[in-house]
Amino acid sequence: MHVPRSSARQPGFTLVELLLVMGLVAVLAGITSVNLFSPQTKANINSLTDRLAADIKSQQIKAMSGDSMSASAAQEHGVYIQTGTYTLFKGTAYSGADTDNIPIASEGGVTLSTTFPSTQVVFDKGSGEVIGFTNGSNTITLSGSGETKTITINRYGAVTVN
């Protein structure tokens, strides 16, 4: 007996079944990717926060100890903050033309912002105090993917990380 082709059951999946499975796989992939990148961003923020805090203390120590780098006499040292980078410099103000500047780039989408005037913190030679300190205008914020860290520097250069 010959069964007509239209009534024979053929192996395979229906279009509705395929679309349902593909939709579930897409949702699971989306959830997984969000959860995989969050710890990396948090690690990037923690790492950059630690490095920036150490660099701030290093610049203060250079100013206090009289490290002149390539200059003929001891001078002030500071940190210039930009959105995706910060720069270590010598002198009373940041100059983009100075070849002794040391730029440090952020990683993994971490952005920096600051309340310091002129987006820089400068340490006085000898004393290590912050030049032109204004209470309330003394923080640097690092953020990315919902994570935020704040570095606060007091008049005397003491660094607090929150």
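Along the sequence shown, residues carry numbers from 1.
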Return each pair, listed once, that meets side chain to side chain donor-acceptor pair (under 3.5 Å) where at least one residue sits in residues 128-139; pairs must be two or more places apart or across chains.
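Output for this query lists Thr115-Thr139.
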
Can you list everything that forms a side chain to side chain contact (heavy atoms under 4.5 Å, CB included) with Ser58? Sequence neighbours excluded, please.
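Only Lys62 meet the side chain to side chain contact (heavy atoms under 4.5 Å, CB included) criterion with Ser58.
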
Check whether more than 12 heavy atoms from other residues, nucleotides or ligands sit under 6.0 Å from atom CD of Gln82, and answer yes or no.
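Yes - once you tally the heavy atoms of other residues, nucleotides and ligands closer than 6.0 Å, there are more than 12.
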
Ignoring hydrogens and angles, tell me if any N or O in the side chain of Thr87 forms a donor-acceptor pair with the backbone of Ile102 under 3.5 Å.
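Flag not set: sc Thr87 to bb Ile102 has no pair under 3.5 Å.
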
Partners passing ring pair (Phe, Tyr, Trp, His ring centres under 6.0 Å) against Phe116 (at least two apart in sequence or in another chain)
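With sequence neighbours excluded, Phe116 shows a ring pair (Phe, Tyr, Trp, His ring centres under 6.0 Å) to no residue whatsoever.
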
Taking atom [atom1] of [X] and atom [atom2] of [Y], what is their separation to the nearest 0.5 Å?
{"X": "Ile81", "Y": "Ile140", "atom1": "CD1", "atom2": "CD1", "result": "4.0 Å"}
{"X": "Ile45", "Y": "Thr141", "atom1": "CD1", "atom2": "OG1", "result": "11.0 Å"}
{"X": "Thr114", "Y": "Gln120", "atom1": "OG1", "atom2": "CD", "result": "10.0 Å"}

Considering residues at least two apart in sequence or located in another chain, which fulfil the side chain to side chain donor-acceptor pair (under 3.5 Å) criterion with Ser113?
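So Ser113 forms no side chain to side chain donor-acceptor pair (under 3.5 Å) with any residue.
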
Side-chain donor-acceptor contacts of residues 18-30 below 3.5 Å, not counting sequence neighbours, with atom names and distances?
none

How are the rings of Tyr94 and Tyr80 set relative to one another: parallel (under 30°), tilted (30 to 60°) or perpendicular (over 60°)?
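Taking Tyr80 first and then Tyr94, their aromatic rings lie parallel (interplane angle under 30°).
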
Enumerate donor-acceptor pairs with a distance under 3.5 Å from any side-chain N or O in residues 153-162 to protein atoms, sequence neighbours excluded.
{"from": "Asn154", "atom 1": "OD1", "to": "Tyr156", "atom 2": "N", "distance (Å)": "2.9"}
{"from": "Asn154", "atom 1": "OD1", "to": "Gly157", "atom 2": "N", "distance (Å)": "3.0"}
{"from": "Asn154", "atom 1": "OD1", "to": "Ala158", "atom 2": "N", "distance (Å)": "2.9"}

Any side-chain heavy atom of Ile131 sitting closer than 4.5 Å to one from Phe123?
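With C-beta onward as the side chain, the pair stays apart.
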
